[in-house]
Amino acid sequence: MPAIVIEEPLAVRFVLRNGSTWTADLAGLPNPQLARDLAVGLAGCAHPHGGIGAENTARRYAASVRQMVKKLAKMGFVGSAAGLTKALLLRYWMAGTHECECGTRIVLKAMDEENDCLRPEVRALLEGHAVLPHPPVGSYEAYSDGEWERMHSACRRVIEDSRARQSQMLKAAEAGQDPRESRRHSEDDIAYLLLRDGPMSGLAYREYIKGYVRRRAEGPDGTYAALRRVREALFPTPRVQTAYRLLFGMYSGIVPDGIADLELGDVEWAGDSTILLSYYKGRSGPEGATPPREAARLLQWWLAHAEPLRRFAPEGLRQALWIACEPHGVNGVLGLQKNNQPQRAFIRDMNLVDDRCERLEINRSRIRTTYEERLARRGWTGRTTIDPNHTSRTEGDHYVTPTTPAQLAAVESIIEDGQADVLRKALPPVVLSSQTAAEAANAFPEAVRRLELDAAALAELLGGEHDVFTAACADQLAGLHGPKGKPCPARPWVCLLCPLALFLPRHGANLLRLKAFFARQFRQMPVDQFLRSFGPYADRLDNEILPKLTQLSKTAVDRARLEVADDDTELPLRPEEISA
């Protein structure tokens, strides 16, 4: 069962999507009868019947249930769920938040499906719209280049410094021995002891050497300072773990909850520098990724850094990826802390500030947004959505909504260019059979006007002086597919949709060679990939250009067919474009 109700003490035990368990404590509430009814509804909301599949979601729902029981008791309600009225629920919801209303609505619906105990008026209320409006969705603003670089530099400094200190201390431990035998407190001996017996607190170390070593440790700061210094050098502290996690998010762009819940079994090595990462996203379940090389290298560093500590981890933390040294933890080992205290300490210690010289607030979702934004600036053409669990509107609100005037102007410019490009591609191709400028100007006045040609330019165009591989180009320096004022860098098939192209019978052979090239590519490529790469061009060639050219000059087209050898050597192709 995904969730069960525990009667004594009252609780709901969830089996989450990732296989772990979490128990919601509902004991001790002022109205045990209502709490028992809502516990049934809470269990009914568990995945796969409901939306509770992650621990954070279960915590929010359980908090809404506890809050509802307490506040209704203060309002004088002490009965079961069957006694709830429409007026009472409206009064409670209006005094709360939208999130609390949604949570209790879902729990009450699940409870009613199980027990069929609610009044008809309450059931109708639950089927209606929410009373409180949804708060506006804020967009995640990407970090500026300066803020991103300061975070990156801080993480790198902490990681490189801790790795260097660990390397030195591991070498020192090789020359050390048991302090009981050496009768001293040298760092070499302390390192030897901690590597053998695990992280020790000051009290545990004092009890261990009691009666064997009397003098203070070497150095002015004494035994405990030396012990702490050695312990923090040998084993990763929460501060070091925070630096690794932040930098891994900056390198990989994986969702924060996916990074937090990683285990050793989720990392599969495919060679020395490539990893296949499996992780759970709270709302959508299991996902996978192949992080960049720098993220894989960072993960190698972390595994090596944490290895001395992992030998002493208790059974429950042995497979957890993120562990840290804490003398008062189990065997001196802590898992990932749920609060943000290590992150706040990291910001304070590294003196991280934003562009306004105020304390930098680190939001891991903003880190992911910045990762995607920086990819886009490098010309990334990957997934069309960052999160497959989001609608297009939510995706835009969270990740691509412009937040500064400069970004807004840039987005509007991109939209205008895209719309203009769509309109240009929708224009019909210009296919001529006339060989003189006068005849073309009289027969195709609209084409001449659109191409902005005078008599001299039209004569050059028809005479072959502006020919490219596929067509005659009205202006190769127009900058439609490259920098304005420089020769057009477009591939041969791009001319098929270009509004500056003019097709004449003499281009028939090359057009047929391009048609044969499309046929060869279709045979060797998946259909969806072919449609993305060549679909619009092949459609324009087959359905508009060649039929018009055949209609105007069938003899020229038939003659051109005899010249086509159906071979890649006939086209100006790059090595990666050659058919297999």
Side-chain angles (χ1 to χ4, degrees), residues 151-179 181-182 184-202 205 217-252 262 264 267 269 271-273 275 291-313 317-318 320-327 329 331-336 342 345-346 349-350:
M151 274 195 297
H152 180 270
S153 299
C155 292
R156 291 284 301 195
R157 285 201 305 273
V158 170
I159 291 171
E160 291 172 358
D161 178 64
S162 62
R163 292 183 71 231
R165 290 191 296 124
Q166 185 188 55
S167 178
Q168 294 173 358
M169 200 56 65
L170 289 173
K171 290 180 180 179
E174 295 176 358
Q177 53 184 316
D178 193 322
E181 298 176 2
S182 65
R184 59 182 182 174
H185 293 291
S186 71
E187 289 190 355
D188 296 1
D189 293 345
I190 295 175
Y192 172 88
L193 177 65
L194 296 188
L195 280 179
R196 189 191 70 183
D197 294 351
M200 286 186 177
S201 63
Y205 180 73
E218 298 175 1
D221 46 2
T223 303
Y224 295 139
L227 174 67
R228 182 173 62 253
R229 193 164 54 246
V230 173
R231 187 176 61 228
E232 292 180 354
L234 283 175
F235 309 119
T237 62
R239 175 171 172 263
V240 173
Q241 181 206 83
T242 298
Y244 271 102
R245 287 178 56 223
L246 286 175
L247 195 57
F248 186 72
M250 296 173 75
Y251 283 163
S252 66
L262 284 175
L264 294 181
V267 182
W269 291 94
D272 296 333
S273 58
I275 58 175
R293 186 180 299 270
E294 56 192 2
R297 183 171 62 250
L298 182 71
L299 207 53
Q300 284 180 320
W301 289 359
W302 167 253
L303 293 173
H305 199 147
E307 180 58 32
L309 180 65
R310 196 173 299 280
R311 295 185 291 115
F312 306 104
L317 294 176
R318 191 69 53 82
L321 181 64
W322 306 110
I323 57 175
C325 173
E326 172 54 56
N331 296 345
V333 183
L334 279 180
L336 183 64
F346 176 83
D349 295 343
M350 302 307 296

Rounded distance [0.5 Å steps], [atom1] in [X] versus [atom2] in [Y]:
X	Y	atom1	atom2	result
Glu174	Asp188	CD	CG	10.5 Å
Trp322	Arg245	CH2	CZ	7.0 Å
Ser153	Leu247	OG	CG	10.0 Å
Met250	His152	CE	NE2	6.0 Å
Glu232	Arg239	CD	CZ	9.0 Å
Arg229	Met169	CZ	CE	7.5 Å

State, to 0.1 Å, how close [X] and [Y] come at their nearest heavy-atom pair, and which atoms those are.
X	Y	value
Leu334	Leu317	C-CD1, 3.8 Å
Ser201	Leu227	O-CD2, 3.7 Å
Ala304	Gln166	O-OE1, 4.3 Å
Ala243	Phe346	CB-CE1, 3.8 Å
Ala320	Arg310	O-NH1, 2.6 Å
Leu309	Cys325	CD2-N, 3.5 Å

So Ile159 and Leu298, side chain to side chain contact (heavy atoms under 4.5 Å, CB included) or not? Walk me through it.
-> CA-CA 10 Å; Ile159 291 171; Leu298 182 71; 3.9 Å; yes
Is a donor on one side and an acceptor on the other found under 3.5 Å between the side chain of Gln241 and the backbone of Ile323?
->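 Yes; judged by distance alone, with no hydrogens or angles, the pair exists.
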What residues form a salt bridge (Lys or Arg N to Asp or Glu O under 4.0 Å) with Arg156, not counting sequence neighbours?
->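 Only Glu160 meet the salt bridge (Lys or Arg N to Asp or Glu O under 4.0 Å) criterion with Arg156.
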Given side chain to side chain contact (heavy atoms under 4.5 Å, CB included), test Leu321 with Phe248 step by step and report yes or no.
-> CA-CA 12 Å; Leu321 181 64; Phe248 186 72; over 6 Å; no
How would you list, by chain and number, every residue that makes a side chain to side chain contact (heavy atoms under 4.5 Å, CB included) with [X], sequence neighbours excluded?
X	result
Ser182	Gln177, Arg184, Asp189
Pro342	Pro238, Thr242, Gln337, Asn339
Glu294	Tyr251, Pro292, Arg297

Does atom CZ of Arg318 have more than 12 heavy-atom neighbours from other groups under 6.0 Å away?
->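 Result for CZ/Arg318: enclosed.
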Go through the structure and list residues passing ring-ring contact (aromatic ring centres under 6.0 Å, His included) with Tyr244, not counting sequence neighbours.
->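 With neighbours one apart ignored, the set is Trp302, His305.
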Below 3.5 Å, can you tabulate the donor-acceptor pairs from side chains in residues 192-200 to any protein atom, sequence neighbours excluded?
residue: Arg196; atom: NH1; partner: Asp178; partner atom: OD2; Å: 3.1
residue: Arg196; atom: NH2; partner: Asp178; partner atom: OD2; Å: 3.2
residue: Arg196; atom: NH2; partner: Tyr208; partner atom: OH; Å: 2.7

